[in-house]
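Remember, it's 1-based here, ligands and their atoms both numbered in the order they're listed.
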Amino acid sequence: MDILLLGPPGAGKGTQGAILATRLGIPKFATGDLLRDAVRRGTALGQEAKAVMEAGHLVSDDIILGVVREELAKPEAGLGVVFDGVVRTVPQAEGLGTLLAESGRQIDFVLFFDVTDEEILERLAKRRAVEQRADDDPDAIRNRLSAYRDLTRPVLDWYEARGVVHSIHAIGSIDAIAARVREVVGA
Ligand code: ADP
């Protein structure tokens with residue numbers, strides 16, 4: 001089963017994605033985590049992505065589709081993946097669809113994590129205090145939210161036209177939201 005998590009920064013995709021992936025026994029793949037790790041290790045990918053990420057802008061579609069292709073080639077990804085924040089532009093949605101189709105797969109569910117802007121700003125400010133992420137400073141947050149609004153929000157419409165979107169009310173306790181996810185996915 002292939003599941004895509006969509007929603008603004010700070011919507012809780014990472015937390016719920018980990019719970020869901022464990023429950024389904026499939027890997028969770030987050031491009032944000034992979035890129036942060038590449039930056040930390042100073043790989044060629046990390047060097048290319050660092051400044052863009054820290055400013056809160058999007059890494060290029062080519063880079064993203066390259067890392068997605070590598071991820072899908074791993075044996076553990078053979079039965080399905082929980083894709084967390086992996087698709088942020090319509091070309092990425094198209095590209096992921098093509099890559100999955102190579103092995104007869106498609107995105108089965110898009111879970112849209114629905115949160116208010118106010119809640120997001122509050123969560124990101126809190127996370128900044130705890131995690132010290134370079135892209136949680138006010139300027140970068142503004143850029144991330146506008147990238148979301150301008151480039152990622154249209155991805156929702158793209159999948160909605162394909163009838164696979166389920167909205168998850170993403171305010172409440174971690175357990176309550178996990179239960180809502182479970183109701184949709186049915187496992
Ligand atoms: P956020 O909560 O802001 O979405 P992530 O940890 O998921 O944080 O991603 C951090 C950064 O990594 C993004 O702001 C962006 O620069 C880069 N990134 C991650 N996934 C993608 C993607 N699919 N396309 C472009 N850039 C991405």
Side-chain angles (χ1 to χ4, degrees), residues 2-18 20-21 27-72 77 81-100 107 110-156 158-159 168 170-171 177:
D2 290 290
I3 299 177
L4 177 70
L5 311 182
L6 212 59
K13 303 183 295 288
T15 306
Q16 293 299 329
L20 179 62
K28 172 174 96 85
F29 175 54
T31 33
D33 291 346
L34 179 135
L35 292 169
R36 257 189 303 281
D37 185 57
V39 169
R40 212 174 302 121
R41 291 188 292 122
T43 64
L45 170 66
Q47 286 173 26
E48 200 170 348
K50 187 173 194 286
V52 175
M53 282 179 75
E54 287 181 356
H57 297 302
L58 292 184
V59 172
S60 78
D61 292 341
D62 284 352
I63 289 185
I64 295 299
L65 290 171
V67 300
V68 172
R69 177 184 285 281
E70 276 177 32
E71 190 63 24
L72 282 173
V81 174
V82 173
F83 295 97
D84 165 12
V86 171
V87 174
R88 301 192 190 213
T89 67
V90 169
Q92 291 177 15
E94 291 166 346
L96 174 61
T98 304
L99 289 172
L100 286 172
I107 292 293
V110 172
L111 305 180
F112 171 60
F113 285 72
D114 203 3
V115 213
T116 58
D117 286 359
E118 271 162 33
E119 175 83 14
I120 286 165
L121 291 172
E122 214 171 282
R123 288 186 191 179
L124 292 178
K126 264 191 215 149
R127 183 167 78 183
R128 182 173 194 220
V130 179
E131 289 182 22
Q132 270 105 38
R133 260 173 63 162
D135 63 349
D136 278 345
D137 83 76
D139 277 349
I141 287 178
R142 204 166 311 118
N143 289 337
R144 283 158 65 206
L145 291 175
S146 84
Y148 174 75
R149 227 179 5 251
D150 299 341
L151 298 165
T152 309
R153 194 66 212 213
V155 171
L156 191 63
W158 192 87
Y159 281 111
I168 305 285
I171 298 182
I177 299 167

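- Side-chain atoms of Gln16 never come within 3.5 Å of backbone atoms of Gly12 as a donor-acceptor pair (strictly under, hydrogens ignored).
- The closest non-hydrogen atom to atom 9 (O) of ligand 1, taken over Arg144, Arg127, Glu54, Arg88, comes from Arg88.
- Ranking the protein heavy atoms by distance from atom 25 (C) of ligand 1 puts Val59 O, 3.2 Å first.
- Counting atoms of ligand 1 from 1 in the listed order, those under 4.0 Å from a heavy atom of Ile64 are 21 (C), 22 (C), 23 (N), 24 (N), 25 (C), 27 (C).
- Within the 4.0 Å heavy-atom criterion, the part of Arg133 lying near ligand 1 is the side chain and not the backbone.
- Within the listing of ligand 1, atoms 12 (O), 17 (C), 18 (N), 19 (C) sit less than 4.0 angstrom from a heavy atom of Leu35.
- The backbone N or O of Val81 sits less than 3.5 Å from a side-chain atom of Asp2, completing a donor-acceptor pair.
- Every atom of ligand 1 is numbered from 1 in the order shown, and the set under 4.0 Å from a heavy atom of Arg36 is 6 (O), 10 (C).
- Residue contacts with ligand 1: Lys13 is placed with no nitrogen or oxygen under 3.5 Å of a nitrogen or oxygen of the ligand (distance criterion only).
- Short contacts between ligand 1 and Pro9, defined as distances under 4.0 Å to a heavy atom of the residue, involve ligand atoms 1 (P), 2 (O), 3 (O).
- Looking only at side-chain heavy atoms (C-beta outward), Leu35 and Met53 come within less than 4.5 Å of each other.
- Atom numbering of ligand 1 starts at 1 in the shown order; those under 4.0 Å from a heavy atom of Gln92 are 22 (C), 23 (N), 24 (N), 25 (C).
- For atom 20 (N) of ligand 1, the closest non-hydrogen atom on the protein side is Thr31 OG1, 2.8 Å.
- Within the 4.0 Å heavy-atom criterion, both parts of Met53, backbone and side chain, lie near ligand 1.
- Crowding of Glu94 atom CD: a count of heavy atoms from other residues, nucleotides or ligands under 6.0 Å exceeding 12.
- Residue His57 touches ligand 1 through its backbone alone, judged by heavy-atom distances below 4.0 Å.
- The part of Val86 lying near ligand 1 is the backbone, judged by heavy-atom distances below 4.0 Å.
- Contact check for Arg133 versus Arg127: side-chain heavy atoms found under the 4.5 Å cut-off.
- Phe83 pairs with exactly one of Val110, Ile3, Ile107 by the side-chain contact (heavy atoms from CB on, under 4.5 Å) rule, that one being Ile107.
- Sparse packing is recorded around CD of Glu118, with 12 or fewer heavy atoms of other residues, nucleotides or ligands lying under 6.0 Å away.
- For Lys13 (side chain) and Ala30 (main-chain N/O), no donor-acceptor pair under 3.5 Å exists by modelled atom type.
- For Arg144 and Asp135, the salt-bridge test passes: some basic side-chain N is under 4.0 Å from an acidic carboxylate O.
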